[in-house]
Chemist: 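The structure is given below, and queries will be raised subsequently.
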Amino acid sequence: MVKLNKIYTRTGDDGTTGLAAGPRRKKADIRMAAIGDVDETNAAIGLARLQEAGDYDAALARIQNDLFDLGADLATPETGEALGYEPLRIVDAQVAWLEAEIDRLNDALSPLNSFILPGGSALAAHLHMARTVCRRAERAMTRLAETEAVSKPALQYINRLSDLLFVAARHANGQGERDVLWVPGKNR
């Protein structure tokens, strides 16, 4: 259970922060960077939700909750030592839900013949922004996975989420009808 009764603790004044199980890491540590990038993804989705997400708002709210699960997963590195509690981890079912959403939204879209410029409607532009922040989080998590344990479902989740944000942005652009296509060399 999370209990936040005091916002500042002064324990981070030395440039470190505590992980869920207690160990401290430098705030510039790659694990902390990954957690921060996941948090930024969540905030970007929150901004997108302000753009009248309509029938997709509930799905975005669900994703925001899952991103806190992902942050908790990353904040509890697998060390092989007993924690005395079951750590919160991303599970296969959360990845499967994203994949089902991608397939559902993508079925209504026309195939692409070009790359898409991030834009169109305000909601689509915000979803594209969230997608790029999500890709940054994925890069940070894969860098982390090169040196420390990161669960496979966690890596799959962040990868599928950027794909979902892409198709959700197209969905928000009138099922792709208002997508802004890249025209290679148009202004040469």
Side-chain angles (χ1 to χ4, degrees), residues 1-4 12 16-49 53 55-107 126-172:
M1 171 190 262
V2 175
K3 184 176 181 182
L4 299 173
T16 66
T17 192
L19 294 175
R24 298 200 67 80
R25 295 281 182 104
K26 292 182 178 179
K27 290 186 178 185
D29 180 271
I30 190 167
R31 183 169 294 276
M32 301 318 302
I35 292 168
D37 289 344
V38 168
D39 192 31
E40 285 185 52
T41 302
N42 205 341
I45 291 171
L47 286 174
R49 291 182 66 202
D55 63 345
Y56 210 63
D57 190 64
L60 293 174
R62 176 181 175 141
I63 291 165
Q64 286 193 289
N65 198 79
D66 284 351
L67 285 172
F68 260 80
D69 291 354
L70 179 56
D73 187 325
L74 292 171
T76 315
E78 180 59 56
T79 62
E81 296 177 17
L83 295 172
Y85 64 91
E86 180 74 28
L88 185 58
R89 302 276 183 221
I90 291 292
V91 296
D92 291 338
Q94 289 169 297
V95 177
W97 182 84
L98 286 179
E99 290 174 345
E101 281 297 291
I102 292 167
D103 292 343
R104 185 181 70 79
L105 292 177
N106 201 45
D107 280 349
H126 278 82
L127 290 168
H128 278 298
M129 185 68 208
R131 174 186 55 80
T132 64
V133 175
C134 184
R135 285 287 186 209
R136 178 167 15 108
E138 183 181 12
R139 289 190 297 273
M141 287 176 60
T142 55
R143 257 192 317 276
L144 175 63
E146 290 175 357
T147 57
E148 295 185 36
V150 177
S151 76
K152 184 177 177 181
L155 290 167
Q156 291 172 326
Y157 187 89
I158 201 70
N159 177 271
R160 299 308 184 279
L161 179 56
S162 62
D163 293 337
L164 173 63
L165 292 168
F166 178 78
V167 295
R170 292 198 67 212
H171 186 77

Chemist: For residues Thr76 and Pro87, report the shortest heavy-atom separation together with the two atoms involved.
Modeler: CG2-CB, 3.7 Å
Chemist: If you look at every heavy atom in Ala140 and Asp37, which pair is closest and at what distance?
Modeler: CB-OD2, 3.4 Å
Chemist: Looking at every heavy atom in both Arg24 and Gly18, which two are closest together, and how far apart are they?
Modeler: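 Arg24 and Gly18 have their closest heavy atoms at NH1-N, 3.5 Å.
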Chemist: If the test is side chain to side chain contact (heavy atoms under 4.5 Å, CB included), which one of Leu165, Ile158, Asn159, Leu161 qualifies with Arg135?
Modeler: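 Testing each of Leu165, Ile158, Asn159, Leu161 against Arg135, the sole residue satisfying side chain to side chain contact (heavy atoms under 4.5 Å, CB included) is Asn159.
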Chemist: Let me know which of Glu101, His171, Glu99 forms a side chain to side chain contact (heavy atoms under 4.5 Å, CB included) with Leu164.
Modeler: Glu101
Chemist: Go through the steps to decide whether Ile63 and Trp97 satisfy the test side-chain contact (heavy atoms from CB on, under 4.5 Å), and finish with yes or no.
Modeler: CA-CA 10 Å; Ile63 291 165; Trp97 182 84; 3.8 Å; yes
Chemist: Could you tell me the separation between the CZ atom of Arg136 and the OG atom of Ser162, rounded to the nearest 0.5 Å?
Modeler: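 Arg136 atom CZ to Ser162 atom OG measures 13.0 Å (nearest 0.5 Å).
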Chemist: Find the distance between CG (Leu70) and CG (Asn65) and round it off to the nearest 0.5 Å.
Modeler: 12.0 Å
Chemist: Roughly how far apart are Leu98 CG and Arg160 CZ, rounded to 0.5 Å?
Modeler: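 Between Leu98 CG and Arg160 CZ, I get 8.5 Å after rounding to 0.5 Å.
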Chemist: Atom CG of Asp73 and atom OH of Tyr157: how far apart are they, to the nearest 0.5 Å?
Modeler: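 Separation between the atoms: 12.0 Å.
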Chemist: When Glu78 is tested against each of Lys152, Arg89, Arg31 for salt bridge (Lys or Arg N to Asp or Glu O under 4.0 Å), which residue passes?
Modeler: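 Of Lys152, Arg89, Arg31, salt bridge (Lys or Arg N to Asp or Glu O under 4.0 Å) with Glu78 is met by Arg89 alone.
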Chemist: Looking at side-chain heavy atoms only, is the closest gap between Leu144 and Leu74 below 4.5 Å?
Modeler: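 Yes. Closest side-chain heavy atoms under 4.5 Å.
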Chemist: With rounding to the nearest 0.5 angstrom, report the CZ to CD1 distance, Arg131 to Ile45.
Modeler: 12.5 Å
Chemist: Looking only at heavy atoms, what is the nearest atom pair of Ala21 and Leu83, with distance?
Modeler: CB-CD2, 3.7 Å
Chemist: If you round to the nearest 0.5 Å, how far is CG of Leu127 from CG of Leu47?
Modeler: 11.0 Å
Chemist: Do you know the tightest heavy-atom contact between Gln156 and Asp92?
Modeler: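 Shortest heavy-atom contact: OE1-OD1, 4.2 Å.
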Chemist: So which atom in Gly12 and which in Lys27 form the shortest heavy-atom distance, rounded to 0.1 Å?
Modeler: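 Between these two residues, the closest heavy atoms are O-NZ, 3.3 Å.
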